[in-house]
Amino acid sequence: MPAEALAAEVRRDLERLGLPARHWTAREPGGDLLDVLVVGAGMCGIAAAAALAFKGVRNLALIDQASHGLEGPWRTTARMRTLRSPKHLPGIALGIPSLSFRAWYEATRGLAAWDALYKIANDDWMDYLVWLTGVLALPLSSGVALRLLDHEGAHLLAELSDGRVLRARHVVLATGRDGAGGPNLPALVDRALWPEHAAHTAEAIDFTRLRGKRVAVLGAGSSGWDAAATALEQGARAVDMYCRRARLPQFNKGRGSTNPGYFEGWASLSDAERWQLMAYMHDEQSPPPHESVHRALAHPGFRLHLASPVEAAGPGPEGVALRVAGQPRGAGFLVLATGFAVDLARRPELAALLPHIATWADAYTPPPALARPELGRFPYLDEGFAATPRGADAPAALAGLHLFNHAATLSLGAIASDIPGVSTAAERLSGRIAAALFRADFPVLFERLRAFDEPELESTPYFVALRP
Ligand SMILES: Cc1cc2nc3c(=O)[nH]c(=O)nc-3n(C[C@H](O)[C@H](O)[C@H](O)COP(=O)(O)OP(=O)(O)OC[C@H]3O[C@@H](n4cnc5c(N)ncnc54)[C@H](O)[C@@H]3O)c2cc1C
């Protein structure tokens, strides 16, 4: 079935389900106040916008700073050959089979290709997301960044890079891992190394510049292995990967907690249980996918150094001078595979609202054995992903700020973060926003109900011409 036939199937499915619902909020689309502004059109932003539109919240805008087709990491900084997840994940299906990744893949590549597929190539995943944006006619403006969020009365004000200031009742920040804080840059690495001699895996790296060089990789997580393999494939002479631990993590607890229990139930756990669970996940860490390990090991120049903490990194004769477990080491280039930090204080777009946003450190004090400062920086969100107030002077508009990205993990689980939970997350978010809009619009909606005069009995003998 070609893509056009699939698009027709999507239209049929949506029609059968009565989706998207008719617009119902107090304000029509096109006015000077949006019901919802979704920032970020990666998979979470697409899912959020689609789920909201399905619920009849159509006074909606969706922006992304990236060009269309370059949203998220898939075509830029993701260096693995395929997604790490198994191919059977449903994608952004929102319960509709024709919107699943599998339906798209079978339609565009054929049934045999689906059977033969091992894992999803990054480009295919991105093509699927682009297709979804189109087939669902999401109102995307590309190349537009949110610069600053502020509030005026009960509304949020969004200053955009194109000079516009949008007013919105709800803002959904679907801004990805980076949007929850930024790359984790350990203080032991001298900033003077940038950009000539160091980069984080979340940055664009021109690996052809590393040809013939010795590359050091700090960290042995998934992105580190893919960066190491890419460097060697592009002609790096050697890659030394330094890992603090004496052995790699063996079990992917993230995958072990990928089920509807965790998706639906996480937010209903007590603060103590959620903290304990998250501290456990953080301590365990995930192993790299075996595919990435084999990809790096295929090169004789690759070496993993276990139990080898990097204690300092700065400029040196070869480019980079490292101290590793007390010993001097050198490299021509350093790749930091140190993951992402959750820290809203690092997000310039949140500067004005930050003092009012409660974090887990404000809300919960763990027992000393579970003290983890990095978890204390996660925002303390409600079940609709909304920020909660830090103090009595927090603006009412804060209730309309939804952090629909990795920052939500401690409060709601990894549902607005990794692929498998994203439909659950979007369903939850859109339901809560629809309910909040309904509550706020209730006086208008009740007036509309009073004025509702569709004559049900007109064709029967019992019809009475009444004005409501
Ligand atoms: C290398 C890598 C590989 C991964 N592989 C997998 C995997 O195999 N399986 C899995 O389940 N998960 C995986 N993940 C985790 C997760 O699925 C991805 O991070 C995914 O991209 C998250 O989607 P998102 O929509 O939250 O964020 P993103 O896809 O990052 O989208 C966020 C969007 O927001 C935009 N944006 C950010 N700030 C602004 C702003 N101020 N104004 C306007 N736009 C803005 C960005 O341009 C971006 O397009 C991976 C993550 C990484 C980094």
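Numbering of ligands and ligand atoms starts at 1, following listing order.
Among all protein heavy atoms, the one lying closest to atom 31 (O) of ligand 1 is G42 CA, 3.5 Å. The shortest contact between atom 12 (N) of ligand 1 and any protein heavy atom is with D418 OD1, 3.7 Å. Protein heavy atom closest to atom 21 (O) of ligand 1, with residue, atom name and distance, is P73 CD, 3.2 Å. Nearest non-hydrogen protein atom to atom 49 (O) of ligand 1 is D64 OD2, 2.7 Å. Among all non-hydrogen protein atoms, the one lying nearest atom 9 (N) of ligand 1 is S85 OG, 2.6 Å. Protein heavy atom closest to atom 50 (C) of ligand 1, with residue, atom name and distance, is W74 CH2, 4.0 Å. In this structure, atom 40 (C) of ligand 1 lies nearest to the protein heavy atom Q65 OE1, 3.3 Å. Scanning the protein for heavy atoms near atom 11 (O) of ligand 1, the closest one is I419 N, 2.8 Å.
Distances between N or O atoms of L146 and those of ligand 1 include at least one value under 3.5 Å. The distance criterion of under 3.5 Å between nitrogen or oxygen atoms is not met by N405 with respect to ligand 1. Residue-to-ligand polar distances keep V39 apart from ligand 1: every N/O pair is separated by 3.5 Å or more. Residue C44 has at least one nitrogen or oxygen atom sitting less than 3.5 Å from a nitrogen or oxygen atom of ligand 1, judged on distance alone.
Among G40, A174, P289, the residue whose heavy atom sits closest to atom 32 (C) of ligand 1 is A174. Of all the listed residues (G72, G421, A408), G72 holds the heavy atom that lies closest to atom 28 (P) of ligand 1. With R84, E71, M43, M126 as candidates, the residue nearest to atom 4 (C) of ligand 1 on a non-hydrogen basis is R84.
The existence of a salt bridge linking R79 and E233 is excluded, since no basic side-chain nitrogen approaches an acidic carboxylate oxygen closer than 4.0 Å. One finds no salt bridge joining E291 and R84 here, because no Lys/Arg side-chain nitrogen approaches an Asp/Glu carboxylate oxygen to under 4.0 Å.
Counting only N and O atoms by type, the side chains of E71 and H68 include a donor and acceptor under 3.5 Å apart. A donor and an acceptor atom, one from each side chain of D362 and T359, are located under 3.5 Å apart. Between the side chains of S411 and W360, a donor-acceptor pair is found at a separation under 3.5 Å. If you check the side chains of T388 and D382, you find no donor sitting under 3.5 Å from an acceptor. At a cut-off of 3.5 Å, with distance as the only test, no side-chain donor of S142 or D64 sits close to an acceptor on the other residue.
Using a 4.0 Å cut-off to heavy atoms of A78, the atoms of ligand 1 that qualify are 1 (C).
Within the 4.0 Å heavy-atom criterion, neither part of A202 lies near ligand 1. No part of F404 comes within 4.0 Å of ligand 1, judged by heavy-atom distances. The proximity of M80 to ligand 1, defined as any non-hydrogen pair under 4.0 Å, is limited to the side chain.
Ring-centre distance between H88 and W114: below the 6.0 Å cut-off.
Looking at R169, R27, H23 one by one, the single match for side chain to side chain donor-acceptor pair (under 3.5 Å) with D35 turns out to be R169.
Q276 places a side-chain heavy atom less than 4.5 Å from the side chain of L370.
The side chain to side chain donor-acceptor pair (under 3.5 Å) analysis of residues 341-357, with sequence neighbours excluded, yields the pairs R347-E349.
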